[in-house]
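Note that the structure is a prediction, hence the values are computed from the model and not measured. In what follows, residues are counted from 1 in the order of the sequence shown.
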Amino acid sequence: GLAPGPAAATLYVLGIRADTGGLAYESTTLRDAEALCWLLARGASQAAVAEFSLDRVSVEQREALARALPRVESRSYRGI
């Protein structure tokens, strides 16, 4: 079969991490983890994954979001 090069493998790893919350989401499967291992074996860059996986939200922003979310109200507008 075809195997991705290191750059493509890195992009696939980033996608799997995003889709699975870094393998933390309840919907994550063994297949997800196995795919990550397979991609790492094909040269995915762990340095690039670490760089692009950094939190882009500050501690203060996360705290503000945590305070705001419980007060969110859902409303319908024209049936939506």
Can you list the residues that meet the side chain to side chain donor-acceptor pair (under 3.5 Å) rule with Arg75, with sequence neighbours excluded? Glu73

Return the set of residues passing side chain to side chain donor-acceptor pair (under 3.5 Å) with Thr29 (not counting sequence neighbours), or none when no residue passes.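 Checked Thr29 against side chain to side chain donor-acceptor pair (under 3.5 Å); matches are Asp32.
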
Does the side chain of Leu40 come within less than 4.5 Å of Gln46's, by heavy atoms? yes

Just to verify, what does [X] make a side-chain contact (heavy atoms from CB on, under 4.5 Å) with, not counting sequence neighbours?
X: Glu26; answer: none
X: Ala35; answer: Ile16
X: Leu30; answer: Glu34

Provide the closest heavy-atom pair for [X] versus [Y] in the form atom of the first, atom of the second, distance.
X: Ala3; Y: Trp38; result: CA-CH2, 4.2 Å
X: Pro6; Y: Gly43; result: CB-O, 3.4 Å
X: Ala8; Y: Pro4; result: CB-CB, 3.8 Å

Quick one: does any side-chain atom of Thr10 pair with a main-chain N or O of Ser45 as donor and acceptor, under 3.5 Å?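 Judged by distance alone, yes, a pair lies under 3.5 Å.
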
Hphob cluster co-occupancy, Tyr25 + Leu14, side-chain heavy atoms under 4.5 angstrom: no

